[in-house]
Amino acid sequence: MSELFSPEILMSIMVAAMGGATVILLAALGELVTERAGIWNMGVEGTMLVGCLIAYLVMAETGSPMLAATAAIGAGIIAGGIIGFMTVSLRVDHFVTGLGFNLLASGLTLFWFRSFVGGGKPPSYSTIDTLPIPVLSDIPVIGPILFNQHLLTYIALLCVPVIALFLRRTTFGLETRAAGENPQFLEAKGLSVSVRQYAALLFGSALTGLGGAFLMLAFADQFRPDISGGRGWLAIVAVIAGNWKPVRTMAAVLIFAILDSLAVHAQGVGVDVPYQFFLMLPYVASIGLLILIRSRSGQPAKLGVPYLRH
């Protein structure tokens, strides 16, 4: 066990955790905006899975990470549109819609992948490299952790203050929050509640699709069924554990990512503890965080409540 906590291994755990957190953080920030608008998008896992497959297909065919990421964003927007049509337009129960979409995405991605492979060997590609920031990446300890990461990691971290400012300081951000807190106020001002909810859902799903693309481009050279591995669910938990605030949501994501990185390194070092113990740590932590914040929830008042115009 002592080898796991040597300075070199601890540094490796933190560096890997920052990269791993990017996938969940992008999805969590997107889900935060969506839930602030009053929509429980339980289809995050399925949206991320679709983003993974589309990114893989485009990357395998073109070799362009930019095109793969763009296509995954587009796939996320389409997924968000489907969920939005069900929840906003048809007012179907949010949980039922999300769970149904996850099952649909799991089956469709497997079908598309097998159709693409056609019984042959799945094509692979080289994963993208990190983008160290000159000078800053040479700072001891924090340099490799924060400034020797992938481009999308920097973008995800920058999204935290940007989304916080958007929700608190911009007109459309405040209107988005009003859609989740008091939609009658928007209607009284002659503003469309559904437009704000659709916009939030499409934006959130785009970020989730981008998170799926990053998972494929940075960590996997081949697609496999259900490769998202529950990260979409952790994103939802992170939003709740973060009390629907961007900075706290990021903190929750980092906790999950560090524990996940610890599990991977524990297997590599050969710790005399069943590896399943370490694998369950992020999910145990998610339950613990939900228990801790149960009495101070900042959940939007109308979250998950279909809005009926008067």
If every non-hydrogen atom of [X] is compared with every non-hydrogen atom of [Y], which pair is closest and at what distance?
| X | Y | result |
| --- | --- | --- |
| F223 | P225 | CE2-N, 4.0 Å |
| S228 | M48 | CB-SD, 3.9 Å |
| V44 | A27 | CG1-CB, 4.1 Å |
| A75 | V50 | CB-CG1, 3.8 Å |
| V15 | P144 | CG2-O, 3.7 Å |
| L25 | A156 | CD2-O, 3.8 Å |

Donor-acceptor pair, distance only, cut-off 3.5 Å: does the side chain of [X] make one with the backbone of [Y]?
| X | Y | value |
| --- | --- | --- |
| T70 | M66 | yes |
| T127 | A220 | no |
| E35 | V239 | no |
| R177 | L167 | yes |
| N243 | K245 | no |
| R36 | G180 | no |
| T176 | F172 | yes |
| S137 | P134 | no |
| N102 | G46 | yes |

Find the distance between [atom1] ([X]) and [atom2] ([Y]) and round it off to the nearest 0.5 Å.
| X | Y | atom1 | atom2 | value |
| --- | --- | --- | --- | --- |
| L26 | L210 | CG | CG | 5.0 Å |
| L157 | M250 | CG | CE | 6.5 Å |
| T249 | I24 | OG1 | CD1 | 12.5 Å |
| S192 | Y198 | OG | OH | 10.0 Å |
| L254 | L259 | CG | CG | 11.0 Å |
| I83 | N41 | CD1 | CG | 4.0 Å |

Next on the checklist: Under the criterion side-chain contact (heavy atoms from CB on, under 4.5 Å), I'd like the reasoning laid out for V284 against I287: C-alpha separation, chi angles, the key distance, then a yes or no.
Outcome noted: CA-CA 5 Å; V284 172; I287 296 173; 5.8 Å; no

Checklist entry - Under 6.0 Å between ring centres, would you say that holds for F214 and F219? => result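 Yes, close enough.
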
Checklist entry - Given the rule in the side-chain contact (heavy atoms from CB on, under 4.5 Å) test, do D226 and S106 qualify, once you have shown the distances and angles that lead to the verdict? => result CA-CA 7 Å; D226 297 319; S106 179; 3.1 Å; yes

Next on the checklist: Going by side-chain contact (heavy atoms from CB on, under 4.5 Å), M59 matches just one of P65, P123, S124. Which one?
Outcome noted: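 Answer after filtering P65, P123, S124: P65.
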
Checklist entry - Going by the angle between their ring planes, with limits at 30° and 60°, are Y56 and Y125 parallel, tilted or perpendicular? => result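 Rings of Y56 and Y125: tilted, as their planes differ by 30° to 60°.
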
Checklist entry - So with a 6.0 Å cut-off around CE of M11, is the heavy-atom count from everything else above 12? => result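 Check passes, neighbour count above 12.
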
Checklist entry - Should we say atom CZ of F85 is surrounded by more than 12 heavy atoms from elsewhere, each under 6.0 Å from it? => result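 For F85, atom CZ is not crowded (no more than 12 foreign heavy atoms under 6.0 Å).
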
Item to check | Residue pair T87, Q197: steps toward the side-chain contact (heavy atoms from CB on, under 4.5 Å) verdict | outcome: CA-CA 10 Å; T87 56; Q197 291 183 329; over 6 Å; no

Item to check | Worked check of side chain to side chain donor-acceptor pair (under 3.5 Å) between T22 and H150 | outcome: CA-CA 9 Å; T22 304; H150 296 88; over 6 Å; no

Does [X] share a hydrophobic cluster with [Y], counting links as ILVMFWY side-chain heavy atoms below 4.5 Å and allowing steps through other members?
| X | Y | value |
| --- | --- | --- |
| L158 | L165 | no |
| V162 | V247 | no |
| I142 | Y154 | yes |
| V33 | V305 | no |
| V141 | I258 | yes |

Item to check | Residue pair M42, I236: steps toward the side-chain contact (heavy atoms from CB on, under 4.5 Å) verdict | outcome: CA-CA 8 Å; M42 305 306 289; I236 296 174; 4.1 Å; yes

Checklist entry - Heavy atoms, side chains only, cut-off 4.5 Å: are L234 and Y283 in contact? => result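 Of all side-chain heavy-atom pairs linking Y283 with L234, at least one is under 4.5 Å.
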
